Number of protein chains: 2
Amino acid sequence: MLLKKTIWMNSHEGFLCLSLVGLICDILKNLILYFKKSDHYCMSNKSVTIHELANLAGVSIASVSRALNGKPGISDTLRARILSLSEEINYQPNVMARQLISGKTPVVALCMPPSPYEFSDRPYFVHLYQALTLYLHRKGLVPVLFAYENIDQVFSQASSAILLGATEDDRPEIFDRQKFPYVTLETGVGASVVIDEANGVYKLTHYLFKKGRKNMLFLGENIDISTSQGRLRGYRKAINELGLQEHFNNVSRQISSSLSAYRQMMKLFQSSEPFPYDAIICANDELAVGVIQAAEDAGYKVPEDLSVTGFDDLPRFSNKITTIHQDIPKIAEAAVSLLSEQLDGFPPRVIEVMTRLVSRESA
Amino acid sequence: MLLKKTIWMNSHEGFLCLSLVGLICDILKNLILYFKKSDHYCMSNKSVTIHELANLAGVSIASVSRALNGKPGISDTLRARILSLSEEINYQPNVMARQLISGKTPVVALCMPPSPYEFSDRPYFVHLYQALTLYLHRKGLVPVLFAYENIDQVFSQASSAILLGATEDDRPEIFDRQKFPYVTLETGVGASVVIDEANGVYKLTHYLFKKGRKNMLFLGENIDISTSQGRLRGYRKAINELGLQEHFNNVSRQISSSLSAYRQMMKLFQSSEPFPYDAIICANDELAVGVIQAAEDAGYKVPEDLSVTGFDDLPRFSNKITTIHQDIPKIAEAAVSLLSEQLDGFPPRVIEVMTRLVSRESA
DNA sequence: AAGGTTTACGTTAACGTTAAAAGCATGAGT
DNA sequence: ACTCATGCTTTTAACGTTAACGTAAACCTT
């Protein structure tokens, strides 16, 4: 039943009415969207199926399947014909059907730490995401993001998981109990990728010694962070070997790493004349940036008067810094290998990824 | 045929042999892994199926399906019985079968920009990832990471896409041609979420004026970045309305935002006595951190002598800064709504997310 | 040359789910 | 008593793919 009625109104009322109609439309749309909540998906491009391809080629679907999957039991000529035809009509095998029949899922869960606080201001992690995404796709795997809040969904949706930002004692026992394959970074427990950070700084310290540096200061931040600790350890080992005096300084990363480093250095430059150090080994590139700027502003020449080194070699900071390069693609590759190994039944193990000294202008 | 032979060797040879065996084992393992490359997936936990559940309940699979999906045509008692039994045996419906039968995929592609350069050092994006992940999961959608390098795979694997870090002129025409639903951020073209940044700074400027500030400096960075431009626009509008003098200063973000801001402010503090400004409006929180630190070091009191404001309200920086809060969960929600609307046939539109002034200690 | 083995293909049954169709009681209307 | 509708349940047919199985023909073996 339709309401049919003419309403007279003046222009003011008309405007009111129009905006009212707009409002009602909005409400209705939201209502529709609200109730269609289980139907948010889209038709997957209903592409050409294996049946149509088989029809066009005049063969059975089995032959097509064999041709496409490189399975034996088909003549080379037919295989070639099917493959070229498949190219021609741009056939894309249905991912869901494949998964259903095989009972396998290519989904790898990428689990983000509960609070992105620590996470978000380490650009290193974003680069790692990028590298993992590229590498997983190349392997035919699908990287799906998970927040720790819905970690229980990981089991039913993924085949394995990469835990970013997990700590040694904060690993999910659920995964262990269910024998669910997963990899952590920098924990060294279970299947884990660790970076030989200590060794990197160790090599770096020796490198500086060879360049004639004798009074090296290690500048770290928030020493409770495990990575900073490893880097300090490498410095200490080298310093002890070389019979030099150990100098350690720690700034807070509460605010901004480079600013903290800058102010700390400025204080040192002003308080102690002559300046007692000939090299500053920074726990990361951001600190190094601050140190170099401070040296410049205080009238010291880098690297002539003072060598400055960083760690990470992230593109934003380190175009001129002598630093330790982290091979992020290799780290991603190692993580995926560890998953594969576990899926193939091998026991979890630790892969150590090597770092590389990159000599640039600052040291 | 087994080789059976006793070999005598001395301990040195024995050690050599053992490490050789280890080496060979390693090579073999790598070979296995290499050739099994197409089989990286895992058996999806072969959980209980709808059939077993139906058997246990003594009913048909159709009734179970109806009960689980809240469809009508089933008695309340049976529905309750099936649901409780399903809980009991922890039945998880098979995602792949569901997708296959429905022809729909819940996959939403999250596309990362080609170079994470600009991307990685904006913590804001990481928070957005987190928010998007949470919200998509709540909606039953699956966030899958894609690099721009394999953007062509998006079509066959996802139902829609969220493009992070896309610019106005750098949007993929492929998506438009294929009528593939997608959302961009901050471009304002097609389906897009924009933040009323200009308005945020506009309100902030008025707020400072009400507090008695008359000489306000806007401190931006790399003005070519679109966000900085919008923020500057808001400042200009308010300043003109208030009949005040416009003051604009731009620092390079090449190095570190807060350090650049710190040095710039120090220069200003030292060069001009008395200091001409009573408020610094920073384009983001990082800059504000540097400004506040500089003021403190130069002996100025914040906010008594100098008001300092930021933008973004990211947890790391802004615990004490008066700033403009970006409602990241709301931005995520808006993006997903825009996708849903397009999937439901509505035309793409722009949603503007409002910002909010958060008054804290610095102004 | 008779038998077995390999090769190349076709047929068909899964995989777990949903939805349409069909069955089947029960009750009401004629 | 017969039809018809109704509410609940089962049966069955899809969805697109893979793999096990069948069936010929061709290719060896003795």
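So that the names make sense, note that chain A is the first sequence line, chain B the second, and so on, each numbered from 1. Being a predicted model, the structure only gives us computed values, none of them experimental. Computed over heavy atoms, backbone and side chain alike; hydrogens, waters and symmetry mates excluded.
No side-chain heavy atom of A/Tyr91 sits less than 4.5 Å from a side-chain heavy atom of A/Leu85.
With DNA chain D read from its 5' end, the first of the two nearest nucleotides for B/Ala62 and B/Ile101 is the one closest to B/Ala62. Nearer to the 5' terminus of DNA chain C, by closest-nucleotide assignment, is the contact made by B/Pro93 (compared with the other of B/Pro93 and B/Arg66).
Counting to the nearest Å, the C1' atom of D/dT10 and the CG atom of B/Asn55 are 13 Å from each other. The interatomic distance linking A/His51 (NE2) with D/dT18 (P) rounds to 10 Å, in whole Å. For B/Tyr91 and C/dG16, the OH to C1' distance is 7 Å, given to the nearest whole Å. Per the geometry, CD belonging to B/Gln99 stands 12 Å off P belonging to C/dT18, to the nearest Å. Note: CZ (B/Arg98) to C1' (D/dG16) measures 19 Å, nearest angstrom. In this entry the distance linking NZ of B/Lys104 with P of D/dC15 reads 15 Å, nearest Å. The CD1 atom of A/Ile74 sits 12 Å away from the C1' atom of C/dT7 (whole-angstrom rounding). Taking atom CD1 on B/Ile82 and atom C1' on C/dT18, their separation rounds to 15 Å, with Å as the unit.
Among the protein residues, B/Leu100 comes within range of the nucleic acid bases, having at least one heavy atom under 4.0 Å from a base atom. Residue-level contact check: A/Ile61 touches the bases, meaning some heavy atom is under 4.0 Å from a base atom. Counting non-hydrogen atoms under 4.0 angstrom, B/Ser63 reaches a base of the nucleic acid.
Ring planes of B/Phe155 and B/Phe180: perpendicular class, angle over 60° (limits at 30 and 60°).
Distances shorter than 4.0 Å separate none of the side-chain N or O atoms of B/Asn94 from OP1 or OP2 on C/dC15. Dashed line: the shortest gap from a side-chain N or O of A/Ser75 to OP1 or OP2 of C/dC9 is under 4.0 Å. For the pair B/Ser65 and C/dT18, the criterion of a side-chain N or O lying under 4.0 Å from OP1 or OP2 is met. Between A/Lys71 and D/dT18 there is no side-chain polar atom (N or O) within less than 4.0 angstrom of OP1 or OP2.
A donor-acceptor contact under 3.5 angstrom links the side chains of A/Asn69 and A/Ser65, judged on distance only.
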